[in-house]
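Owing to the predicted nature of the structure, the values given are computational and were not obtained by experimental measurement.
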Amino acid sequence: MESGGSKRRVVVVGGGIAGSILARSIQFNADLTIIDPKEYLEIKWAQLRSKVEPSFAERAVVNYRDFFTNGRIVTSTAINITENEVLTADGRHIGYDFLVIATGHSDNVPVTRTERLHYYDAENQKIQSARSILIVGGGPSGVELAGEISTDFPDKKVTLVHKGPRLLEYIGPKASDKGLSLLRSKKVDIKLQQSVDLKSASDGSQVYRTSTGESIKADCHFLCTRVPLSTAWLNETILKTNLDKDGRLMVDEYLRVKGRNNIFAIGDITDVPELKLGHAAIHHAYLVAKNLKLLMGGGKESKMSVYKPGPEVAMVSLGRKHAVAQFPFATLGGRIPGLIKSGDVFVGRTRKHLGLEP
């Protein structure tokens with residue numbers, strides 16, 4: 001079993017934005033291990049911009065060692081949890097005093113940063129060489145990708161197909177309507193309440209058929225549907241009874257897994273009733289870091305900080321100058337919200353959280 005010295009052993013499973021900010025925050029207070037199947041953090045809200053501008057990924061894909069300098073990195077997948085160990089796919093048994101689950105979503109990505117950067121080069125070439133592009137999925141990823149392509153490549157024919165009755169269903173209808181109008185103003189062809197049979201173009205015809213019988217000619221397609229949570233593996237662990245019906249970990253007001261004094265969960269995998277967005281995950285990370293420092297220093301549980309969801313704010317960029325923003329008091333679309341997010345898609349701000357140059 002791998003273990004440390006006099007400091008309390010903390011294991012963080014998952015190196016997304018929540019796990020990474022937490023690890024950086026406590027790396028000098030604990031004997032710390034990050035377990036993740038890749039060697040880097042990717043700032044996910046930069047992914048769609050990186051497809052149209054591959055050099056943008058240079059700032060958004062960051063090796064863990066660039067900000068996590070005092071601890072172990074285990075490049076593997078966690079496959080089991082016991083009362084005092086995490087077991088990994090490569091056969092390690094890593095002991096813990098405190099455990100943080102931050103596995104996010106099940107993304108199929110390469111191990112190294114170099115491979116990930118090559119992926120964006122290939123995606124960009126795919127866009128550049130196409131005259132017509134099909135995007136499947138009208139959630140935030142599909143809408144943002146349509147905005148990025150139609151802004152940077154206005155001569156390309158972009159079609160977006162979504163099976164729901166409106167775009168961006170995770171936020172309010174006013175924001176959906178503004179997103180729809182902005183994309184249509186960029187000449188994006190939007191088809192709602194339809195699905196696409198991607199196999200229908202497997203004969204090389206480059207013609208995709210929808211559930212209503214329509215035919216869509218496209219040189220390439222991008223699948224932008226929801227990625228499942230990375231929590232199914234927990235069904236074989238001591239936390240199997242702590243998952244709700246949606247596969248999220250049930251947590252208390254301190255973001256501890258309910259019934260567990262030394263296991264926390266952060267990010268999208270928690271059952272906290274809030275929009276699952278990056279700024280919420282960052283808030284989770286700082287709060288749990290504060291609580292862990294308290295507990296590792298011998299502080300009382302009664303002094304732990306309570307997590308309170310912030311106001312429901314959501315922003316979706318639509319290219320480099322436009323965005324849709326939903327605030328508690330108003331919903332805006334166009335250049336004003338675009339000034340807030342769309343230029344840098346919050347990459348500089350996120351890098352600051354990691355102690356890096358913007």
Look at the side chain of [X] and the backbone N and O of [Y], then say whether any donor-acceptor pair between them is shorter than 3.5 Å.
X	Y	result
Ser20	Gly15	yes
Ser25	Ala289	no
Thr270	Ala265	no
Arg49	Ser342	yes
Lys156	Ile127	yes
Arg8	Asp97	no
Gln27	Phe67	yes

- Task: Using ring pair (Phe, Tyr, Trp, His ring centres under 6.0 Å) as the criterion, list what pairs up with His279, not counting sequence neighbours.
- Result: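 In terms of ring pair (Phe, Tyr, Trp, His ring centres under 6.0 Å), with neighbours along the sequence ignored, His279 is linked to no residue.
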
- Which is it for Leu168 and Gln326 under the side chain to side chain contact (heavy atoms under 4.5 Å, CB included) test, yes or no, and what are the steps along the way? CA-CA 11 Å; Leu168 304 172; Gln326 177 178 285; over 6 Å; no

Any side-chain heavy atom of [X] within less than 4.5 Å of one from [Y]?
X	Y	value
Leu48	Val345	no
Ile190	His162	no
Glu123	Tyr119	yes
Tyr307	Val251	no
Phe68	Val12	no
Arg260	Ile238	yes
Tyr40	Pro110	yes
Asp177	Thr331	no

- Task: Kindly say whether the aromatic ring centers of Phe264 and His284 come within a distance under 6.0 Å.
- Result: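 No, the ring of Phe264 stays outside the 6.0 Å limit from the ring of His284, centre to centre.
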
Side chains of [X] and [Y], donor plus acceptor under 3.5 Å:
X	Y	answer
Arg209	Ser200	no
Glu58	Ser55	no
Trp233	Thr77	no

- Is Arg226 atom CZ crowded by more than 12 heavy atoms from other residues, nucleotides or ligands, each under 6.0 Å away? no

- Lys276, NZ: over 12 other non-hydrogen atoms inside 6.0 angstrom: yes

- Treating Ile, Leu, Val, Met, Phe, Trp and Tyr as nodes and any side-chain heavy-atom pair under 4.5 angstrom as an edge, say whether Val100 and Ile263 lie in one connected cluster. no

- Does Val52 belong to the same Ile/Leu/Val/Met/Phe/Trp/Tyr cluster as Leu160, with side-chain heavy atoms less than 4.5 Å apart forming each link?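 They do share one cluster, since a chain of ILVMFWY contacts under 4.5 Å joins Val52 to Leu160.
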
- Enumerate the residue pairs fulfilling salt bridge (Lys or Arg N to Asp or Glu O under 4.0 Å) with a member in residues 347-358, sequence neighbours excluded, ordered by first and then second residue. none

Is it true that [X] and [Y] have a side-chain N and a carboxylate O under 4.0 angstrom from each other?
X	Y	answer
Asp197	Lys199	no
Lys51	Glu148	no
Asp66	Arg113	no
Lys217	Asp219	yes

- Residues Arg9, Phe98; criterion side chain to side chain contact (heavy atoms under 4.5 Å, CB included); working and verdict: CA-CA 6 Å; Arg9 300 167 301 165; Phe98 294 96; over 6 Å; no

- Criterion salt bridge (charged side-chain N to carboxylate O under 4.0 Å, His left out) on Asp244 and Arg248, from CA distance to verdict: CA-CA 5 Å; Asp244 70 9; Arg248 299 186 191 278; 5.4 Å; no

